[in-house]
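Below you'll find the structure, written out as C-alpha cells, and then a few comments.
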Amino acid sequence: MTMLIASWNINSIRTRLDQLISWLQKVSPDVVLLQETKVLDEAFPREFIEDSGYNIAIHGQKSYNGVAILSKYPLEDVQVGFSGQEDPAQARYLEAVTNQVRVASIYVPNGQEVGHDKYLYKLRFLDNLYHHTNTLLTLNEKIILGGDYNIAPFDQDVYDVKKFQDRILASPVERQALRKLTNAGWIDAAAAYQKAHDLNPETFYTWWDYRQGSWEQNRGLRIDHFLVSPQAADCIDKVGVDAETRGNTRPSDHAPVLLTLA
DNA sequence: ATGGTAGGGATCCTA
C-alpha cells in the first residue's frame with residue numbers, strides 16, 4: 001500500500017480554498033502538510049475539507065503563520081508546537097501520527113534579511129528545532145518532517161547563485177544551521193531523489209517570488225523540503241514538485257512538494 | 001541600491 005504525502009505553503013487557506021479543494025480531488029494525497037494558513041482555528045474552513053474526505057489538525061493564529069495537517073487516516077498523538085520552541089504563540093509547528101507514520105508540518109521563520117533580529121530568531125528557531133528533531137530520531141519511527149524551511153540548502157537549489165550567495169534564504173550561516181539539523185540523521189528526500197536519478201535541479205524549485213515575473217522566467221528556489229528519518233527513507237518511491245499549481249490564477253507563491261512512500 | 005507583488009487587515013507588517 002502506497003502513501004502520498006504533500007507539503008504546501010498555501011499562503012492563506014481562505015483565499016485559496018477553491019484551489020485546495022480541486023487540487024485535493026485531482027491529486028488525492030493521503031496526507032497534506034500545510035503552512036501559512038493565516039487563520040485563527042475558529043475560522044478555519046473545516047467543512048469543505050472534511051467533505052473531501054480528510055481529517056484535520058490545525059494550529060493557527062491571526063494574520064500570520066499557521067500550520068495544518070490533513071489526512072485520509074485518523075490523526076493520533078497530535079502535538080501543537082515543539083518542546084523548546086522559543087515563542088509558542090507563533091503557529092509554526094504541528095505534529096501527528098497517521099497511518100503509522102509520524103508527520104510534522106513546519107514553517108521556519110523567513111528571517112527578513114541577513115543580520116536582522118528576525119534572522120537571529122530564524123537561527124535560534126533552527127537550533128531549538130534541531131534539539132527536538134534529535135529527540136524524534138531516538139523513536140526509530142517512520143517520520144516525515146515536511147514544510148517551508150525558508151532555506152535553499154545547495155547552490156543548485158537557487159536560480160542565481162551569485163545574487164543569493166550572502167542573501168536571506170541561501171546565506172552560509174542559515175545553510176549551516178539547516179545542515180547541522182539534517183546531518184544528525186535526516187535525509188533530504190528531494191535532494192537524494194534528484195541526485196539518484198540525475199534529474200534537473202530546476203525541476204525541484206518550490207518557490208517563485210510574486211515579483212518581476214519570477215515564475216514566467218523560472219527564477220525559483222528550492223526552500224520547501226521533506227526531511228525524513230532513515231526508516232522512512234527506506235520506503236521512498238518518488239519525490240517531485242507539482243509546479244503546475246504555481247501556474248494557477250491567483251496562485252500561492254509556493255508549489256506543493258509530493259512524496260510517495262511504498 | 002532600489003523596488004518590484006501578494007495577503008491580512010488596517011492605512012503597515014510580513015514574506
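These figures come from a predicted structure and were not determined experimentally. Below, chains carry the letters A, B, ... as their sequence lines are ordered, and counting in each starts from 1.
OP1 or OP2 of B:dG7 has not a single side-chain nitrogen or oxygen of A:Thr15 nearer than 4.0 Å. For A:Arg14 and B:dG9, the shortest distance from a side-chain N or O to OP1 or OP2 is below 4.0 Å. In this structure, A:Arg16 does not reach the B:dA6 phosphate: none of its side-chain N or O atoms is under 4.0 Å from OP1 or OP2.
Linking ILVMFWY side-chain heavy atoms closer than 4.5 Å, directly or via other members, places A:Val31 and A:Trp8 in two distinct hydrophobic clusters.
Rounded to whole Å, the P atom of B:dG9 lies 22 Å from the corresponding atom of B:dT5. Comparing B:dA1 with B:dT11, their C1' atoms sit 27 Å apart, to the nearest whole Å. Here, B:dT2 and B:dA6 have their P atoms 23 Å apart, quoted to the whole Å. For the P atom pair drawn from B:dG7 and B:dG3, the interatomic distance equals 22 Å after rounding to whole Å.
In this entry the distance linking CG of A:Asp148 with C1' of B:dT14 reads 13 Å, nearest Å. Remark: P of B:dG8 and CD1 of A:Ile13 are 11 Å apart, rounded to the nearest angstrom. If you measure from atom CZ of A:Arg219 to atom P of B:dG4, you get 16 Å, rounded to the nearest angstrom. To the nearest angstrom, C1' of B:dA6 lies 12 Å from CG of A:Asn9. Going from atom OH of A:Tyr210 over to atom P of B:dG7 covers 5 Å, rounded to whole Å. One can place CD1 of A:Ile223 at 14 Å from C1' of B:dT14, the figure rounded to the nearest angstrom. Remark: C1' of B:dA15 and OH of A:Tyr149 are 19 Å apart, rounded to the nearest angstrom. Here the C1' atom of nucleotide B:dC13 and the NZ atom of A:Lys38 are 10 Å apart, to the nearest Å.
Evaluation of the ring-ring contact (aromatic ring centres under 6.0 Å, His included) rule for A:Trp186 yields no partner, not counting sequence neighbours. For A:Tyr193, the ring-ring contact (aromatic ring centres under 6.0 Å, His included) criterion is met by A:His197, not counting sequence neighbours. Evaluation of the ring-ring contact (aromatic ring centres under 6.0 Å, His included) rule for A:His225 yields A:Tyr149 as partners, not counting sequence neighbours.
What you find for A:Gly60 and A:Asp41 is that their closest heavy atoms are N-OD1, 2.8 Å.
Heavy-atom nearest nucleotides on DNA chain B were determined for A:Tyr107 and for A:Arg167, and the one closer to the 5' end corresponds to A:Arg167. Comparing A:Gln212 and A:Asn11 along DNA chain B, the residue whose closest nucleotide (by nearest heavy atom) sits nearer the 5' end is A:Gln212.
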Shorter than 3.5 Å, N or O on both sides, protein versus nucleotides 10-12 of chain B: list them out with atom names.
none

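Nucleic acid contact class of A:Arg92 (heavy atoms, under 4.0 Å, all strands): sugar-phosphate only.
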Under 3.5 Å, sequence neighbours excluded: what are the donor-acceptor pairs made by side chains of residues 42-53 of chain A?
{"unit_1": "A:Arg46", "atom_1": "NH1", "unit_2": "A:Glu50", "atom_2": "OE2", "d": "3.0"}
{"unit_1": "A:Ser52", "atom_1": "OG", "unit_2": "A:Phe48", "atom_2": "O", "d": "3.0"}

Residues 251-262 of chain A, side-chain donor-acceptor partners within the protein, below 3.5 Å, at least two apart:
{"unit_1": "A:Ser252", "atom_1": "OG", "unit_2": "A:Asn9", "atom_2": "O", "d": "2.6"}
{"unit_1": "A:Ser252", "atom_1": "OG", "unit_2": "A:His254", "atom_2": "N", "d": "3.0"}
{"unit_1": "A:Ser252", "atom_1": "OG", "unit_2": "A:His254", "atom_2": "O", "d": "3.4"}
{"unit_1": "A:Asp253", "atom_1": "OD2", "unit_2": "A:Trp207", "atom_2": "NE1", "d": "3.2"}
{"unit_1": "A:His254", "atom_1": "ND1", "unit_2": "A:Asp224", "atom_2": "OD1", "d": "2.9"}
{"unit_1": "A:His254", "atom_1": "ND1", "unit_2": "A:Asp224", "atom_2": "OD2", "d": "3.3"}
{"unit_1": "A:His254", "atom_1": "NE2", "unit_2": "A:Asn9", "atom_2": "ND2", "d": "3.4"}

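A:Gln156 and A:Glu202 share no donor-acceptor pair across their side chains, judged by distance under 3.5 Å alone.
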